[in-house]
Amino acid sequence: MPSLPNTYPPSSQNQLLGGKSQQQQQLLASGKTTQFPQFLFNAGFCQNGKAIGVTQLRRVAAVPVAKRVAEECNVELGLKVGYAIRFDDFTSSSTRIKYMTDGLLEALLDPLLSRYGVILVNEAHKRTVHTDVLLGILKKVRHTQSQSILKGPFKRGNTNIDMSDEVNGQRPNTLFTLKACQNTKLLPLKLIIMSASLDAKGFSEYFGGAKIVYVQGRQYPVDILYTYQPEQDYLDATLITIFQLIAIIHLEEGPRDILAFLAGQEEIESIEKLIHGHLDKLPEDRRKVITVPIYPSLTSEQQMNALKPAPSGFRKVTMTSVTIPGIKYVVDPGLVKARSYNPVTGMESLIIIPTSKAQAQQRSDSTIPEVKRCNLANVVLQLKTLGIDDIIGFDFMEKPSRMAIMKSLEQLFLLWALTDDYKLSDPIGHQMARLPLDPIYSKAPILANEFKCLEEMLIVVSMLLIESIFYFPCVRMEEARVARNSFSTPDGDHVTLVNSKMVMSKDKTIEKNLKKWCIENFINSRSLRHARDIHSQIQGHVQQMGLSVSSCGNDMLQFRRCLTAAFFINAAMRQPDGMGSFLQLKMQLQIHPSSVLFRSKPECIIFNELVRTNHNYVWNLTGINPLWWLPDYVSS
DNA sequence: GAGCACTGC
């Protein structure tokens with residue numbers, strides 16, 4: 001182990017990567033998001049009543065950006081400038097600049113996007129699933145349009161921002177209907193793909209050699225210092241760098257906080273111990289350092305406390321796995337934990353990988369697009385809804401593996417969302433596609449409607465979609481366990497979630513002192529808000545679909561049968577040496593210690609989470625009677 | 001006997 005610096009100035013041998021914060025990056029990006037659409041509008045791209053569509057990755061970005069542009073244009077929001085995000089459409093027939101989240105597949109309503117003259121795809125380099133699907137659809141729209149335009153009386157547009165042309169020799173589009181545009185007067189849709197320059201070539205090639213325009217961004221002065229080579233023990237290297245920085249900033253005026261990016265709670269707790277271990281060896285006057293851990297499972301109050309300034313004379317070292325604004329020194333070992341999905345086993349695991357920034361700078365390739373590393377069931381369902389049946393033949397910018405596509409088709413088929421010939425089923429497939437959930441969760445309320453336990457299922461689905469509402473601080477673990485046990489039942493985790501339903505129903509006696517009640521019961525109030533939000537959204541949807549939110553009362557046997565029918569894909573039987581699963585999974589599973597069924601020995605279970613960390617752990621599980629699993633039994 | 005962090009439809 002290299003020795004820690006005790007003298008000024010410290011050696012620069014072990015400086016790790018320091019970078020600009022996400023907030024700064026957003027500032028850099030804001031000009032093109034707010035100004036560019038206005039330039040296009042002023043240049044006449046909204047003639048003939050056409051609109052400019054601008055995609056955003058996040059709901060929270062779409063709304064304020066639209067507000068700001070409306071202000072700049074001196075118009076009321078919702079008129080010339082508007083936004084559309086799921087559950088919230090703030091546009092009108094006069095809207096000409098429309099901000100929207102990229103997952104909003106407008107093509108559902110209008111396969112040729114004929115209302116739009118220009119579509120700006122923002123932050124395409126992030127390569128979210130939605131971006132990739134959107135690009136594929138836009139390419140298809142362009143192709144379909146060009147086919148009809150070539151036949152029609154209109155010439156192609158030839159302005160200097162035309163960034164897309166069709167690939168020569170592409171086979172004719174047979175999937176998108178041409179009916180909508182036959183005999184109509186169409187000008188070609190302009191596509192502008194905004195991306196970090198490293199990836200521009202890939203997008204250009206995908207759109208048949210589209211023109212690339214480079215825009216110089218305004219840079220914040222950020223010094224980036226690297227280690228000479230990758231560190232074997234990155235925790236140790238991080239520790240050394242933190243103490244080097246403490247030594248440097250001792251001489252400086254102004255803010256003295258240090259932020260260390262770490263991959264997760266475990267690493268944060270380790271480094272905190274290491275820091276204190278080292279501080280104990282230093283002379284009294286150099287021990288004025290406070291350490292502040294921040295990770296997602298802390299409550300928001302604890303996270304807010306962590307952001308308070310350090311006492312005068314103290315240096316503060318914040319160790320985090322989440323982004324925090326206003327920090328001057330950043331130590332970033334460049335590693336994150338990421339979910340990875342194995343389509344063969346259906347297994348997700350948490351792996352530590354280099355951050356995309358480090359990847360992008362060290363090699364010429366960029367991050368693996370999300371579409372190549374996630375469960376595609378939802379993507380396939382959405383594409384089927386758009387009438388795109390040939391998923392294997394869909395022109396993704398980067399194709400997911402055939403195995404991954406087949407696996408999602410199989411899953412959708414098992415959920416009865418697809419018919420025997422892999423077409424969207426009616427009504428189940430169509431109903432499932434209307435719910436903004438992964439297919440396994442969108443099927444659950446539909447089944448629960450038949451089992452007359454939709455009220456219970458809505459609570460469970462909302463709770464399964466969020467981080468747990470039960471909060472377990474290390475120091476008061478036993479008290480927290482007692483609090484959770486007041487809801488728990490030997491039926492399993494799902495029924496335990498149902499038992500906590502009073503927090504969802506906004507019980508008046510609890511609501512009055514909600515904050516106090518949450519603290520006393522070790523409930524994370526932020527998670528609770530999140531769950532309530534999702535609950536009311538899904539409830540609104542299923543009611544619109546005509547399902548009745550009825551309750552099975554105390555009949556938890558009935559509810560467990562329904563859970564079995566909904567989540568039968570994830571079932572496992574107890575083996576002599578632990579939990580071994582059947583169906584497509586052939587691996588040893590263990591019940592996660594956070595489950596109420598940890599230590600109990602159910603014969604047969606269904607579960608919602610399977611993640612490989614130290615073991616293959618399942619959680620959110622319910623013990624079932626294997627007979628319920630049989631198809632005849634489930635459907636009767 | 002243990003929990004990566006972000007989104008979106």
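Scope of the values below: all heavy atoms of this structure, side chains included, with no hydrogens, waters or symmetry mates. Sequence lines set the chain letters: A, B, ... in the order given, protein chains first and strands last, and positions in each chain run from 1.
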Students often get this wrong, so: under 4.0 angstrom with heavy atoms, is A/Arg481 touching a base, only sugar-phosphate, or nothing?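 If one applies the 4.0 Å heavy-atom cut-off, A/Arg481 turns out to touch a base.
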Looking at every strand, decide which applies to A/Leu435 at a 4.0 Å heavy-atom threshold: base, sugar-phosphate, or nothing.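 The residue A/Leu435 makes no contact with any strand.
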For [X] and [N], what is the distance between atoms [atom1] and [atom2] respectively, to the nearest whole Å?
| X | N | atom1 | atom2 | value |
| --- | --- | --- | --- | --- |
| A/Trp619 | B/dG1 | CH2 | P | 17 Å |
| A/Leu465 | B/dC9 | CG | C1' | 12 Å |
| A/Leu381 | B/dG8 | CG | C1' | 15 Å |
| A/Asp493 | B/dG3 | CG | P | 15 Å |
| A/Leu437 | B/dC9 | CG | C1' | 9 Å |
| A/Ile294 | B/dC4 | CD1 | P | 16 Å |
| A/Glu123 | B/dT7 | CD | P | 12 Å |
| A/Glu370 | B/dA5 | CD | C1' | 12 Å |

Tell me which donor-acceptor pairs under 3.5 Å the side chains of residues 423-431 of chain A have, and how far apart each pair is, sequence neighbours excluded?
from, atom 1, to, atom 2, distance (Å)
A/Ser425, OG, A/Trp416, O, 2.7
A/Ser425, OG, A/Ala417, O, 3.1
A/Ser425, OG, A/Gly429, N, 2.9

So which heavy atom on A/Gly623 is nearest to which on A/Leu597, and how close?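 Of all heavy-atom pairs spanning A/Gly623 and A/Leu597, the closest is N-CD1, 3.8 Å.
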When you measure from the side chain of A/Asp493 to the backbone of A/Val596, do you find a donor-acceptor pair of N or O atoms at a distance under 3.5 Å?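 Yes; judged by distance alone, with no hydrogens or angles, the pair exists.
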Answer yes or no: does a side-chain N or O of A/Tyr617 lie under 4.0 Å from OP1 or OP2 of B/dA2?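 Checking B/dA2 against A/Tyr617, a side-chain N or O does come within under 4.0 Å of OP1 or OP2.
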Do the side-chain N or O atoms of A/Thr101 get closer than 4.0 angstrom to the phosphate oxygens (OP1, OP2) of B/dC9?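 True: A/Thr101 side-chain N/O within range (under 4.0 Å) of B/dC9 OP1/OP2.
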DNA chain B: A/His530 or A/Pro593, which has the more 5' nearest nucleotide?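 Its nucleotide being nearer the 5' end, the pick is A/Pro593.
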With nearest nucleotide decided by heavy atoms, which residue, A/Asp438 or A/Glu267, maps closer to the 5′ end of DNA chain B?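 The 5'-side residue here is A/Glu267.
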Which residues pass the ring pair (Phe, Tyr, Trp, His ring centres under 6.0 Å) test with A/Phe522, sequence neighbours left out?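 For A/Phe522, no residue satisfies ring pair (Phe, Tyr, Trp, His ring centres under 6.0 Å) once neighbours in sequence are set aside.
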A/Ser594 side chain, from C-beta outward: closest of B/dA2, B/dC9, B/dG1: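 In terms of side-chain proximity for A/Ser594, the closest of B/dA2, B/dC9, B/dG1 is B/dA2.
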Is the closest side-chain heavy-atom distance between A/Tyr441 and A/Ile538 below 4.5 Å?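 Not in contact.
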